[in-house]
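Just so you know, these numbers come straight off a predicted model, no measurement behind them.
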Amino acid sequence: MTALRLQGVGKRFGGLRAVAPFDMSIEPGRITGLIGPNGAGKTTVVNLITGVYKLSEGRILFGDQDLSAAPRHEVARAGLARTYQTIRLLPDATVVENVVIGMYRHQTTSLLAQMFGLPSSRAETARFRAEAQQLLERFGMTRYANYPAGALSYGDQRRVEMMRALALKPKVLLLDEPVAGINDVEAQRLGEIFRALADEGMAVLLIEHNMRFVTRLCDYVYVLDSGQLIAQGSAAEVVSNPTVIKAYLGEAIDA
């Protein structure tokens, strides 16, 4: 199985350094955490990995593929999928339709076959919908299959976005604050799904502010503060690190 590796990756916007060069490895079969205070540069890192931003320096390697300058569609084709801090769904489309959109990477029928509803296109559409139903079952969302996505609660819309990302059948899943605004019970259920995905061999990167969630779930954690990598290690090591505590509290430890 292949790890996603960041080597000396950094980003500048004009004269402002958003992310200082650092190394990170997102390993298959484990959940890697990327944490830090607001404005630490976490989402910038995900945008660099997925080709939304261009690197100012460094390399992004996925097996024998160099994704350092790859556009977004090539990153997705390589097997990387992400969710966003801000939910991005088609609100008037059904839940199933939103999930099926994520399967475009695996589409094999021609545009002509789709336009004329040829048997090959109908068979592929039926297969995609069946696979979408399997994802709905995994996330406990089958009863909402034909609901407009925009009519769902915030937490359920989050689930739809995650299902759409998984519809790509990614090798690496990048989760940007997936349990933000979700209660502890729902977060625990999602955590169980993320752990199962890692146990199945997927590489998972988790950006999250909920430290209990991170401590319970992550196998290894990187910490950014003001664009600088300030700590890395096991979740237990990181949350007890005085430098990390100070970065989160914004004050001296003995204050």
Side-chain angles (χ1 to χ4, degrees), residues 1-85 170-178 198 202-209 211 214-215 217-250:
M1 293 186 285
T2 304
L4 179 67
R5 302 194 186 281
L6 280 60
Q7 298 179 345
V9 163
K11 179 63 179 176
R12 294 186 302 273
F13 294 102
L16 174 66
R17 183 178 288 283
V19 177
F22 80 108
D23 297 344
M24 180 167 68
S25 181
I26 304 168
E27 302 282 347
R30 78 179 189 183
I31 300 175
T32 301
L34 180 60
I35 66 172
N38 288 329
K42 305 181 297 296
T43 297
T44 298
V45 171
V46 175
N47 285 335
L48 291 170
I49 293 171
T50 53
V52 177
Y53 295 155
K54 298 302 179 186
L55 296 175
S56 298
E57 51 207 313
R59 301 173 73 199
I60 299 174
L61 304 175
F62 187 48
D64 59 358
Q65 299 178 78
D66 190 333
L67 301 179
S68 305
R72 281 183 263 188
H73 68 277
E74 288 186 11
V75 173
R77 189 174 293 119
L80 280 67
R82 70 171 296 181
T83 64
Y84 294 84
Q85 281 184 324
K171 300 172 185 174
V172 180
L173 179 62
L174 311 170
L175 298 167
D176 197 348
E177 298 192 23
M202 190 177 292
V204 179
L205 177 66
L206 174 67
I207 294 176
E208 188 50 60
H209 282 291
M211 292 304 295
V214 168
T215 304
L217 207 58
C218 291
D219 303 297
Y220 198 85
V221 179
Y222 295 83
V223 188
L224 292 178
D225 183 30
S226 300
Q228 299 273 349
L229 181 68
I230 61 170
Q232 61 179 290
S234 70
E237 291 169 342
V238 162
V239 297
S240 61
N241 185 315
T243 304
V244 176
I245 296 171
K246 183 177 180 179
Y248 269 93
L249 296 179

> So how far is it from Thr83 OG1 to Leu174 CG, rounded to the nearest 0.5 Å?
8.0 Å

> Just so I know, are the side chains of Leu206 and Leu217 near enough to count as touching, which here means a heavy-atom distance under 4.5 Å?
yes

> Is the closest basic N to carboxylate O distance between Glu208 and Lys42 below 4.0 Å?
no

> Taking it one step at a time, do Arg12 and Glu57 satisfy salt bridge (Lys or Arg N to Asp or Glu O under 4.0 Å)?
CA-CA 9 Å; Arg12 294 186 302 273; Glu57 51 207 313; 3.1 Å; yes

> What are the two closest heavy atoms between Ser68 and Gly58, and how far apart are they?
OG-O, 4.2 Å

> Please name the pair of heavy atoms, one in Asp225 and one in Pro37, separated by the smallest distance, quoted to 0.1 Å.
OD1-CG, 3.7 Å

> Can you find a pair of side-chain heavy atoms, one from Pro28 and one from Met202, that are under 4.5 Å apart?
no

> Are side-chain heavy atoms of Ile49 and Leu4 found at a separation under 4.5 Å?
yes

> Quickly, which of Gln232, Glu27, Arg30 forms a side-chain hydrogen bond (donor to acceptor under 3.5 Å, both in side chains) with Tyr220? Name it, please.
Gln232

> Specify the closest pair of heavy atoms between Ala40 and Leu224, including all atoms of both residues, with the distance to one decimal.
CB-O, 3.3 Å

> For the residue pair Gly51 and Val75, what are the closest heavy atoms and their distance?
N-CG2, 4.3 Å

> So do the side chains of Tyr53 and Leu48 get within less than 4.5 Å of each other, counting heavy atoms only?
yes

> Given side chains that start at C-beta, do those of Asn47 and Arg82 come closer than 4.5 Å, heavy atoms only?
yes

> Is there a side-chain contact between Arg72 and Arg77 in this structure, where contact means two heavy atoms from C-beta onward sitting under 4.5 Å apart?
no

> Kindly compute the distance separating CD (Gln65) from CD (Glu74), expressed to the nearest 0.5 Å.
9.0 Å

> Evaluate the side-chain proximity of Val214 to Val221: yes if any heavy-atom separation is below 4.5 Å, no if none is.
yes

> If we only count heavy atoms from C-beta on, is the Gln85 to Thr43 side-chain gap below 4.5 Å?
yes

